[in-house]
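Structure first, commentary second.
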Amino acid sequence: EKPSIMAPLGDFFGQSFGDDPYRSLPMGIEDDSGYCYFRMPFRKKARFVVHNRGKAPVSLRYRLEFHKQENLPEIAVPMEPRVAVSTTAR
């Protein structure tokens with residue numbers, strides 16, 4: 001299975017250029033927490049995987065909310081953003 005969303009967490013939450021908090025309707029960073037309210041429809045199942053590719057251990061807190069919709073419209077397509085990840089140091 002290919003992931004529908006594949007991005008570093010900082011990029012996913014719009015924080016790839018620093019730790020500056022910001023707020024917008026669909027996403028933001030507040031109090032060391034990121035939020036994203038984009039609709040991400042899936043028909044049967046969803047799986048969330050986070051990889052730590054750094055050398056130091058990290059802790060992760062999360063809250064996942066979902067709303068079951070019995071008849072998902074045919075025009076509801078999965079969200080499929082892609083982010084190119086560089087392995088070179090900046």
Notebook entry, point to check: Taking all non-hydrogen atoms of both residues, which atom of Tyr35 and which atom of Ile29 are closest, and how far apart?
Noted result: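 Here Tyr35 and Ile29 meet closest at CE2-N, 4.2 Å.
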
Next item on the list: Measure the spacing between CG of Asn52 and CG of Leu60 and express it to the nearest 0.5 Å.
Entry: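 Rounded to the nearest 0.5 Å, the CG-CG separation comes to 9.5 Å.
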
Next item on the list: Supply the atom-to-atom distance Phe12 CZ to Cys36 SG, rounded to the nearest 0.5 angstrom.
Entry: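 Taking CZ in Phe12 and SG in Cys36, the distance rounds to 4.0 Å.
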
Checklist line | Heavy-atom check, side chain of Tyr37 versus side chain of Leu25, under 4.5 Å | finding: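 A side-chain contact is absent here, since even the closest heavy-atom pair is not under 4.5 Å.
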
Check: Considering only heavy atoms from C-beta outward, does the side chain of Glu30 approach that of Tyr22 to under 4.5 Å?
Finding: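 Side-chain contact under 4.5 Å: no.
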
Next item on the list: Look at the side chain of Asp31 and the backbone N and O of Ser33, then say whether any donor-acceptor pair between them is shorter than 3.5 Å.
Entry: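 Checking the backbone N and O of Ser33 against the side chain of Asp31, no donor-acceptor pair under 3.5 Å is found.
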
